[in-house]
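Treat the numbers as computed from the prediction; the structure is a model and nothing was measured. Count residues from 1 along the sequence.
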Amino acid sequence: MPQDAFTIYHASLELNETLKGARVEKINQPEKDAVTLSIRTADKRNATLLISANANGARVCVTSSNKPAPLQAPAFCMLLRKHLARATVKKVEAVPFERITIITFDCRDELGTPSEKQAIVEIMGKYSNVTLVENGIILGAMKTTDFDFNLTRPIFPGAKYVYPLPQDKINADEPEKIRAAYSSFDGELESFIFNKLKGVSKPTADEIAFKFFKENDITRNVKTFKIDDFISFYQNFYVSAKTKPNVVFDENYSDFFILDYATVGKNKTYFTDINSAIDYYFSKKEANAAFAAKKRKLTDITKAHIKKLGKKLQTFNEKILSAKDADELKKNGELIIAYLYKIKPGDEFLIAEDYTKEDYPEVKIKLDKNLTPQENAEKLFKRYAKLKKTVAATEPQIKETEEQIAYFESILSDVERAETTEDFDDVTEELIAASLIAAPKQRKNEKKKKSAYRNFSYGGFEISAGRNNVQNDRLVAEAERADVWLHTKNYHSSHVIIRTKGEKVPDKVLLFAAEICAYYSNAKSGDKIPVDYTLKKFVKKPAGAPLGKVYYTEQKTLLVTPNAHSENETR
């Protein structure tokens, strides 16, 4: 990623223009490695400045995202509130040829005494950090070291702030060193730029070399040009590049760029300013990562519970299997009673004719020689009664467990069909209700918003599809009796409602809604999927039935090919 010193330099220039003179109104720390400053700019606009030290997304930018603050502010957030509340941004600048941004604030303490403090943001992957400094002394940091002044670079309150150790590379403003390094270098220009010159990433190095060769119309060999021509070009490129911010999201590559790199990507989205490109790229990247992590978590939890229920079901089935000989025990007891006269004291077996079968086959029944014939029969009757009770108690448990498995499989299906992190909200509530996830702490008087259905418009009709069991139940409950309800036959799927307003639904609208229903089902990759439809008045929700479970009658069936019809989706 070109989050290099070159990029940070130009981003800081732009940020300085935006933030200079802005006043800090509020400070929060929504994540352990990110803080937000609500600011009022010099031209009277409200904005949110994000300062992140996240290993995969360290940055400084004005953001459009609004992450909630934690119920209890972390210590670093409290430190920033103490020193920067009501402070004014004096300037934003980048440390030359380093991946460090410094935000200088004009501050006043409780007594009105003026002071100058700096938030130093080091954008260095897993070593990224945010440090609050006054007169070169650290007031606090997002990530601190142990209290040991003998460390090469101590980071804790009271220690002197020291920049990270510099790379063994050459600055753009050191032409003599560039010449010396060039004279002993054997290789391509891109490699020379990346390995020897400070402040440029591999993509930026490739772009500099490409543009230099193109503008000078020379072959791509490090020895076929004058090094002074390159130094002049490089210095001008680094400081005076004409920005054209853009974000690339290709199938196998994604990044943001402050220039229109000719050497990178094809699917580009352009922005009017660097800040917007940075915010868009990282917001989308973090949203994708959060979506994947949430999906993985909910999938793992649900699958683990289904596996647990499967083992439980297996145990119940084994009990039923062990009771399969119950009727044989009862019959043997009855045969013993019928043939009492044939049993002598000490007999270990009774050989008799089984009169319950047509051909009266001979059977051999094992006896306990220490018991009387009547006691042997009673023993078999007791075993029979016990097994029958086991079956009577286990069969409802089997049915209940099978219904639970079907329910959690429907939840798993909802997770698989989710498209945004918001789609997981209702599923999370279901798993909380099932005691599989701990309920988060709620803010006082916080009201839960109802999640939105997938809504479509076609042929003059409004069509809604539930995203999960919670929405499916709500959708059915809110529908009018004359509305049309759809669901795939024999597959988990969204419940779909065509809002008729009393009008007859044309066949093309039924087909359209059925294709959506099939798409948002477990059969979306198939063809000719059966979709049942009926009027909502024929759809019943039994008391105590699990979420998403209904019974319906008077249905007809369509065979359709799944289609998302996203072009008709309304927001």
Side-chain angles (χ1 to χ4, degrees), residues 1-42 45-67 76-77 79-80 83-84 87-106 116-133 140-143 161 163-164 199 201 243 245 247 255-258 271 273-286:
M1 142 184 335
Q3 182 81 313
D4 50 18
F6 165 73
T7 301
I8 292 169
Y9 168 75
H10 287 279
S12 296
L13 288 176
E14 182 184 284
L15 207 55
N16 183 61
E17 292 298 316
T18 303
L19 298 182
K20 192 174 182 179
R23 186 178 69 248
V24 179
E25 302 283 354
K26 190 190 299 183
I27 302 170
N28 285 313
Q29 189 171 347
E31 298 169 349
K32 67 176 183 178
D33 49 13
V35 294
T36 57
L37 277 61
S38 298
I39 58 175
R40 182 77 169 170
T41 63
R45 289 183 297 108
N46 294 323
T48 301
L49 177 65
L50 172 65
I51 303 175
S52 173
N54 182 280
N56 296 313
R59 64 200 184 276
V60 182
C61 70
V62 174
T63 183
S64 57
S65 62
N66 184 25
K67 297 180 180 180
F76 185 63
C77 178
L79 176 79
L80 294 181
H83 291 280
L84 301 184
T88 301
V89 177
K90 183 177 181 180
K91 60 181 176 179
V92 180
E93 58 188 333
V95 176
F97 312 109
E98 297 289 350
R99 290 178 295 167
I100 301 174
T101 298
I102 301 176
I103 308 173
T104 302
F105 297 89
D106 284 328
E116 189 176 278
K117 297 180 176 70
Q118 296 174 318
I120 303 178
V121 188
E122 299 163 8
I123 302 173
M124 299 177 178
K126 66 179 181 179
Y127 301 108
S128 298
N129 204 358
V130 183
T131 309
L132 187 65
V133 174
M142 190 172 282
K143 304 172 186 177
Y161 177 81
Y163 286 123
S201 62
T243 61
V247 171
D255 217 329
F256 76 91
F257 302 89
I258 64 170
F271 296 84
D273 57 275
I274 297 171
N275 185 89
S276 296
I278 294 173
D279 185 45
Y280 174 84
Y281 171 74
F282 282 109
S283 294
K284 187 168 183 178
K285 181 181 177 182
E286 289 178 353

Exercise for review: Evaluate side chain to side chain contact (heavy atoms under 4.5 Å, CB included) for Val89 paired with Phe105, printing each intermediate quantity in order.
Suggested key: CA-CA 5 Å; Val89 177; Phe105 297 89; 3.8 Å; yes
Review point. Partners of Glu25 by side chain to side chain donor-acceptor pair (under 3.5 Å), sequence neighbours excluded?
Key: Arg23, Arg86
**Study point:** Residues which pass side chain to side chain donor-acceptor pair (under 3.5 Å) with Asn129, listed by chain and number, not counting sequence neighbours
**Key:** none
Side-chain donor-acceptor distances from residues 59-66 under 3.5 Å, at least two apart:
from: Arg59; atom 1: NH1; to: Gly57; atom 2: O; distance (Å): 2.6
from: Arg59; atom 1: NH1; to: Glu286; atom 2: OE2; distance (Å): 3.0
from: Arg59; atom 1: NH2; to: Glu286; atom 2: OE1; distance (Å): 3.4
from: Arg59; atom 1: NH2; to: Glu286; atom 2: OE2; distance (Å): 3.2
from: Thr63; atom 1: OG1; to: Ser65; atom 2: N; distance (Å): 3.1
from: Thr63; atom 1: OG1; to: Ser65; atom 2: OG; distance (Å): 2.8
from: Thr63; atom 1: OG1; to: Asp279; atom 2: OD1; distance (Å): 2.7
from: Ser64; atom 1: OG; to: Asp279; atom 2: OD2; distance (Å): 3.1

Review point. Is the Phe256 to Tyr280 ring centre distance short of 6.0 Å?
Key: no
So does [Y] get a backbone contact from the side chain of [X], meaning a donor-acceptor N/O pair under 3.5 Å?
{"X": "Lys143", "Y": "Ala53", "result": "yes"}
{"X": "Glu116", "Y": "Thr104", "result": "no"}
{"X": "Gln29", "Y": "Lys32", "result": "yes"}

Revision key, fill the gap. Sequence neighbours excluded, the answer for salt bridge (charged side-chain N to carboxylate O under 4.0 Å, His left out) partners of Arg40 is none
Show me the donor-acceptor pairs, under 3.5 Å and distance only, between side chains in residues 96-103 and residues at least two apart or in other chains.
from: Glu98; atom 1: OE2; to: Lys198; atom 2: NZ; distance (Å): 3.4
from: Thr101; atom 1: OG1; to: Ser12; atom 2: OG; distance (Å): 3.4

Exercise for review: Answer whether the closest heavy-atom distance between the side chains of Leu80 and Val35 falls below 4.5 Å.
Suggested key: yes
Point to revise | Contacts of type side chain to side chain contact (heavy atoms under 4.5 Å, CB included), residue Lys20, not counting sequence neighbours | key: Asn16
Review point. Closest heavy-atom contact between Thr131 and Ala141?
Key: OG1-CB, 3.9 Å
